[in-house]
Amino acid sequence: MCTMKRINLNGAWPILIFVILFLILPFSTLPGLFDVVFVVLVGIALAIAALIVVALVTSRQQRSP
């Protein structure tokens, strides 16, 4: 079985991802920055998806005996 490195999902840093998302979003209204902001937002969405998967895997590992 593969052992995962322990990732601490507690604390304020997961909330910071959403704060950064809403701080970056208004920059898309500036001329020429829409594509750059879109790429950054996709990266943030992938980070959120990865955190969800890690949380599900770790909770499943803790439940199994």
Side-chain angles (χ1 to χ4, degrees):
M1 185 178 267
C2 179
T3 58
M4 291 182 61
K5 182 181 173 184
R6 292 284 178 194
I7 297 175
N8 186 8
L9 296 176
N10 298 327
W13 70 269
I15 297 171
L16 289 176
I17 291 175
F18 292 103
V19 170
I20 290 170
L21 186 137
F22 287 111
L23 289 176
I24 290 174
L25 193 59
F27 286 112
S28 66
T29 60
L30 296 175
L33 285 182
F34 182 77
D35 292 335
V36 175
V37 171
F38 180 73
V39 170
V40 170
L41 292 179
V42 167
I44 292 172
L46 289 175
I48 292 170
L51 287 174
I52 290 171
V53 169
V54 168
L56 290 174
V57 168
T58 56
S59 68
R60 184 169 289 214
Q61 287 178 350
Q62 290 174 354
R63 272 193 285 152
S64 64

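In this text, all values refer to a predicted model and were calculated from it rather than measured experimentally. The first residue of the sequence shown is numbered 1, and numbering continues consecutively from there.
- Cluster partners of F38, by chain and number: V42, L46. The rule joins Ile, Leu, Val, Met, Phe, Trp and Tyr whenever side-chain heavy atoms lie under 4.5 Å apart.
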For a quick test of your reading: what N or O donor-acceptor pairs under 3.5 Å do the side chains of residues 23-34 make, sequence neighbours left out?
residue : atom : partner : partner atom : Å
S28     : OG   : L25     : O            : 2.8
T29     : OG1  : P26     : O            : 2.7

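- Applying the side-chain contact (heavy atoms from CB on, under 4.5 Å) criterion to V39, with sequence neighbours excluded, gives no partner residue.
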